[in-house]
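Below is one structure, written out as structure tokens; the observations come after it.
Chain identifiers are assigned alphabetically (A, B, ...) following the order of the sequence lines, protein sequences preceding nucleic acid strands; residue numbering begins at 1 within each chain.
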Number of protein chains: 2
Amino acid sequence: MPEQNNSHLHALKVSCSNCTLRELCLPVGLNRDELAQLDAVIRQSRRLKRGEYMFRSGEAFKSLFAIRTGFFKTCMSSQDGREQVTGFHMSGELLGMDGISANVHGCDAIALEDSEVCELPFSRMQSLSRDIPSLQHHFYRLMSREIVRDQSIMLLLGNMKADERLAAFLLNVSSRLATRGFAANDFILRMSREEIGSFLGLKLETVSRTLSKFQQQGWIKVDHKHIQLYQTDELKNLISGCIHAHSH
Amino acid sequence: MPEQNNSHLHALKVSCSNCTLRELCLPVGLNRDELAQLDAVIRQSRRLKRGEYMFRSGEAFKSLFAIRTGFFKTCMSSQDGREQVTGFHMSGELLGMDGISANVHGCDAIALEDSEVCELPFSRMQSLSRDIPSLQHHFYRLMSREIVRDQSIMLLLGNMKADERLAAFLLNVSSRLATRGFAANDFILRMSREEIGSFLGLKLETVSRTLSKFQQQGWIKVDHKHIQLYQTDELKNLISGCIHAHSH
DNA sequence: GGAGAAGCTTGACGCTTGTCAAAGCGGGGT
DNA sequence: ACCCCGCTTTGACAAGCGTCAAGCTTCTCC
């Protein structure tokens with residue numbers, strides 16, 4: 001249900017100009033000189049092992065982080081210990097935008113596999129985006145995209161049943177992997193059943209049961225974290241009714 | 001649960017410079033000349049009657065809208081007709097930021113009472129914010145605030161029980177009204193039970209029953225849309241466990 | 001002012017999902 | 001290589017919320 005297009009690459013195109021290279025940035029419309037300025041701002045990338053924090057809720061906000069490689073979850077925790085996963089994030093995505101409003105990070109970002117990120121000091125990106133209009137516009141669009149993503153998750157949590165949520169989740173993961181050149185119908189989940197459940201507003205047992213149900217119906221194959229999608233049409237059918245429709 | 005501070009006034013301070021006046025803008029740090037530029041960009045305000053659309057999902061995105069007076073809901077509708085309310089919005093709040101990413105509005109915005117809005121043509125705000133750094137920063141913060149708000153609603157929809165959701169909702173409305181100088185413990189709801197339920201991921205009957213339950217316990221008084229809060233402490237107790245806590 | 005529609009409340013019932021429990025499997029670390 | 005711990009699966013049961021239905025109040029429009 002959340003973004004099923006290839007647009008997350010835009011973040012990659014900006015963030016990895018000093019590594020994954022020039023041509024990735026061109027779509028943003030930067031010239032050679034502007035690229036050099038951008039390179040100068042991006043800090044050396046940081047490597048994180050599985051389980052490490054990219055940032056924590058409550059920490060001072062100084063930078064945005066772009067995922068170069070790897071996989072992350074973001075989550076908030078409540079006073080009584082419950083934690084809610086607010087998103088799963090793959091290469092090319094930009095994290096930390098919720099920290100801008102109060103100059104404090106609003107969630108934890110934790111690596112679910114060994115990962116590599118670029119740090120973008122926000123104040124310098126801000127002044128740079130004054131000089132490079134297309135960069136400014138790009139940032140507005142990225143933040144807007146995050147708003148759209150969050151709202152489609154609100155729709156999922158507010159309207160959909162357990163099997164619809166799982167179907168939407170699997171299709172979302174599948175399409176995002178495909179965008180990055182991985183197999184769309186055969187992948188390894190990097191997160192636990194509990195983390196999936198937390199993200200989808202379900203208990204881990206419900207996640208497990210629903211996956212088993214999908215398997216019994218021949219729609220997917222589940223081997224622990226290894227998922228294969230056999231009949232994506234059936235999954236799409238499940239959520240066809242609850243998908244967002246423009247009114248015109 | 002969503003924003004319980006006075007920061008929504010920031011949008012007002014920007015948007016209403018040509019009406020609600022100068023001093024409201026100063027906190028953003030604009031000088032006389034910059035204010036004049038801003039005034040020139042803001043279009044004459046528009047009046048809307050109850051039930052009218054400020055914008056519709058699918059329409060071309062050209063402007064953001066600041067609510068000067070009145071009350072709005074934003075909602076998305078799915079193909080099978082179900083609609084989900086994604087937010088309720090009061091004076092001073094800025095709407096339409098989800099349209100930036102795709103140049104298309106992503107939700108409907110509908111007046112729940114006669115209202116008045118300022119239109120901010122986005123491309124002109126964008127170029128103006130290049131010349132006025134504090135305005136640029138202000139916009140980033142407003143968008144970030146929207147992300148934070150959406151994520152706290154995700155937390156509500158993913159983790160909380162019906163009575164916790166209602167308590168969080170009532171306290172949120174109360175605090176936002178107080179911020180605007182209205183009574184915090186005695187107010188008229190502008191939306192129906194069904195709209196509340198849609199926003200909170202509940203059915204209207206559950207909303208009604210839960211309000212009745214609160215009333216039986218002496219915590220509130222319900223007379224249709226007229227709500228009085230008698231024991232906000234009890235409501236706060238309900239949600240104290242599920243409120244967001246920084247990890248440090 | 002009256003009639004109809006829309007919104008609200010309340011009850012009875014059932015389904016979906018959460019809770020508790022037990023057992024199996026797999027993976028990571030020593 | 002082995003062991004232990006954590007993750008997953010599955011079952012039985014309970015509860016919370018949704019569904020259906022009826023009756024009531026309030027608002028709107030003529």
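- Figure legend: cation-pi geometry between B:Arg180 and B:Phe182 absent, as NZ or CZ is not positioned both under 6.0 Å from the six-membered ring centre and within 45° of its axis.
- The side chain of B:Arg50 places an N or O atom within less than 4.0 Å of a non-bridging phosphate oxygen (OP1 or OP2) of D:dT28.
- If you check every strand for non-hydrogen atoms under 4.0 Å, B:Leu204 touches a base.
- When the P atom of D:dG18 is taken as reference, atom CD1 of B:Ile196 falls 14 Å away, rounded to whole Å.
- Distances shorter than 4.0 Å separate none of the side-chain N or O atoms of A:Ser192 from OP1 or OP2 on D:dG6.
- Under the side chain to side chain contact (heavy atoms under 4.5 Å, CB included) criterion, A:Glu119 pairs with A:Arg43, A:Ser63, A:Phe65, sequence neighbours left out.
- Straight-line distance from the CD atom of A:Gln216 to the P atom of D:dT9: 12 Å, rounded to whole Å.
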List, one per line, each side-chain donor-acceptor pair under 3.5 Å for residues 214-228 of chain A, sequence neighbours excluded.
from     : atom 1 : to       : atom 2 : distance (Å)
A:Gln215 : OE1    : A:Val222 : N      : 2.9
A:His226 : NE2    : A:Asp186 : OD1    : 2.8

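- Residue pairs meeting the salt bridge (charged side-chain N to carboxylate O under 4.0 Å, His left out) criterion with at least one partner in residues 162-171 of chain A, sequence neighbours excluded, are A:Asp163-A:Lys213.
- When the side chain to side chain contact (heavy atoms under 4.5 Å, CB included) test is applied to A:Ala184, the partners found at least two apart in sequence or on another chain are A:Ser174, A:Ala178.
- Nucleic acid contact for B:Gly201: sugar-phosphate only, since backbone atoms but no base atoms lie under 4.0 Å from a heavy atom of the residue.
- Going from atom CZ of B:Arg165 over to atom P of D:dG16 covers 14 Å, rounded to whole Å.
- Note on the helix from C:dG1-D:dC30 to C:dT30-D:dA1: angle between the axes of the first and last five pairs equals 60°, rounded to 10 degrees.
- Salt bridge status for B:Lys73 with B:Glu195: present, with a side-chain N to carboxylate O gap under 4.0 Å.
- Atoms CE (B:Met160) and P (D:dC17) sit 12 Å apart, rounded to a whole Å.
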Revision key, fill the gap. Per-nt protein contacts along nucleotides 20-25 of chain D (heavy atom under 4.0 Å; B base, S backbone sugar-phosphate only, - none) come out as B-----
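- Rounding to whole angstrom units, NZ of residue A:Lys203 and C1' of D:dT10 are separated by 18 Å.
- Nucleic acid contact class of B:Lys225 (heavy atoms, under 4.0 Å, all strands): sugar-phosphate only.
- A:Asp114 is linked by a side chain to side chain contact (heavy atoms under 4.5 Å, CB included) to A:Lys49, A:Arg50, counting only residues two or more places apart in sequence or in another chain.
- In this structure, A:Lys213 atom NZ and D:dT10 atom C1' are separated by 16 Å, rounded to whole Å.
- Among the heavy atoms of the strands lying under 4.0 Å from A:Val222 are primed sugar atoms or P, OP1, OP2 only; no base atom is included.
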Donor-acceptor contacts under 3.5 Å from residues 199-211 of chain B side chains, at least two apart:
from     : atom 1 : to       : atom 2 : distance (Å)
B:Thr210 : OG1    : B:Thr206 : O      : 2.7

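- Taking every nucleotide of DNA chain C with any atom under 4.0 Å from a non-hydrogen atom of chain A, the first and last of them, 5' to 3', are C:dT17 to C:dG26.
- In this structure B:Thr74 satisfies the side chain to side chain contact (heavy atoms under 4.5 Å, CB included) test together with B:Thr86, B:His89, B:Leu95, B:Cys107, B:Ala109, sequence neighbours excluded.
- Under the side-chain hydrogen bond (donor to acceptor under 3.5 Å, both in side chains) criterion, A:Thr232 pairs with no residue, sequence neighbours left out.
- In this structure, CG of A:Asp223 is placed 12 Å from P of D:dT8, rounded to the nearest angstrom.
- Each salt bridge (charged side-chain N to carboxylate O under 4.0 Å, His left out) pair with one or both residues in residues 230-241 of chain A, not counting sequence neighbours, would appear here, but there are none.
- Open room surrounds CD on A:Glu194; 12 or fewer heavy atoms of other groups in view lie less than 6.0 Å from it.
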